[in-house]
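Accompanying notes for the structure given below.
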Amino acid sequence: MDRISKLCSYLDKCTTFADVGCDHGYCTRYMLKNGLCESAVITDISAKCLNKAENLLLGYIEKGVVSSVCCNGLEGVSEDTEQVLIAGMGGDEILSIFKNSFIPRNFVLQPMKNVRAVREYLLSNYAEITLDEPFESGGKFYFVIKGKRVGVPSKYGESQLEFGLNLLGITTKKYIFAEIIKKRAYLERNLNEETRSKIEEEVRFMEGVLNEN
Ligand SMILES: C[S@@+](CC[C@H](N)C(=O)[O-])C[C@H]1O[C@@H](n2cnc3c(N)ncnc32)[C@H](O)[C@@H]1O
């Protein structure tokens with residue numbers, strides 16, 4: 001399954017939906033086509049990217065079901081929005097969006113990197129993380145983090161901070177295994193002692209996680 005279809009399968013039915021950093025707007029189209037939201041806001045920091053979504057969703061914009069805002073992150077999004085998707089950008093960018101605005105009521109995040117930093121920020125702000133797992137598409141792994149601003153604050157162990165909540169999941173195991181292979185290949189290089197022992201330690205840690213679970 002392609003990344004967008006897989007990502008969309010994590011979205012819930014809601015009244016109001018926002019697609020932050022929407023680019024082409026495919027996720028919003030999925031929500032509307034499937035009757036999963038009554039209205040949507042599409043935002044992008046780039047007018048050129050937003051324009052792609054505006055073209056895709058023109059019919060919905062004309063009916064007043066979709067509104068589009070060219071803005072940084074959540075600046076153009078109401079804090080009351082029931083479900084917010086922020087996908088396909090770096091974890092640091094997602095964090096700067098939250099720090100600049102707010103943690104959404106219900107969020108679906110798909111950071112491309114620095115996933116641990118996103119987890120740590122949500123946990124330190126007492127958000128509830130209800131799902132945090134990788135999915136595989138086109139030979140790559142992507143993490144999805146779902147949760148709520150207000151709820152039962154989540155508790156994570158060290159392994160979960162690195163690999164998500166679902167350590168028993170088959171895709172998580174595949175992801176860790178793939179990471180071990182990458183690190184082992186890296187160890188074949190001519191590394192200095194400090195780097196070598198750091199990577200060996202990381203491999204031992206990952207092997208430990210796989211063996212414990
Ligand atoms: C790689 S695309 C991902 C598009 C779509 N969300 C997806 O998952 O396929 C990243 C989009 O995020 C937008 N973007 C990056 N930083 C942003 C920010 N701070 N606020 C709004 N949009 C941003 C970019 O312009 C780009 O269109």
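Both ligands and their constituent atoms are indexed starting at 1 by order of listing.
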Contact list for residues 146-165, test salt bridge (charged side-chain N to carboxylate O under 4.0 Å, His left out), sequence neighbours left out: D12-K146, E79-R149, R116-E158, R116-E162
Contact table ligand 1 N or O to protein N or O, d under 3.5 Å:
unit_1   : atom_1 : unit_2 : atom_2 : d
ligand 1 : 6 (N)  : G21    : O      : 2.8
ligand 1 : 6 (N)  : A87    : O      : 2.9
ligand 1 : 8 (O)  : R3     : NH1    : 3.0
ligand 1 : 8 (O)  : R3     : NH2    : 3.4
ligand 1 : 8 (O)  : A87    : O      : 3.4
ligand 1 : 9 (O)  : R3     : NH2    : 2.5
ligand 1 : 9 (O)  : H24    : NE2    : 3.2
ligand 1 : 16 (N) : E93    : OE2    : 3.4
ligand 1 : 19 (N) : N72    : OD1    : 2.8
ligand 1 : 19 (N) : E93    : OE2    : 2.7
ligand 1 : 20 (N) : G73    : N      : 2.7
ligand 1 : 22 (N) : I45    : N      : 3.2
ligand 1 : 25 (O) : D44    : OD1    : 2.6
ligand 1 : 27 (O) : D44    : OD1    : 3.3
ligand 1 : 27 (O) : D44    : OD2    : 2.7

CZ (F98) with more than 12 external heavy atoms under 6.0 Å: yes
Result of checking T43, N100, T81, I97 against L74 for side chain to side chain contact (heavy atoms under 4.5 Å, CB included): I97
Contacts of F143 that satisfy ring pair (Phe, Tyr, Trp, His ring centres under 6.0 Å) - sequence neighbours left out: Y175
Y60 six-ring face occupied by K63 cation (under 6.0 Å, within 45°): yes
Test side chain to side chain contact (heavy atoms under 4.5 Å, CB included) applied to C8 - qualifying residues, sequence neighbours left out: I4, L11, C27, Y30
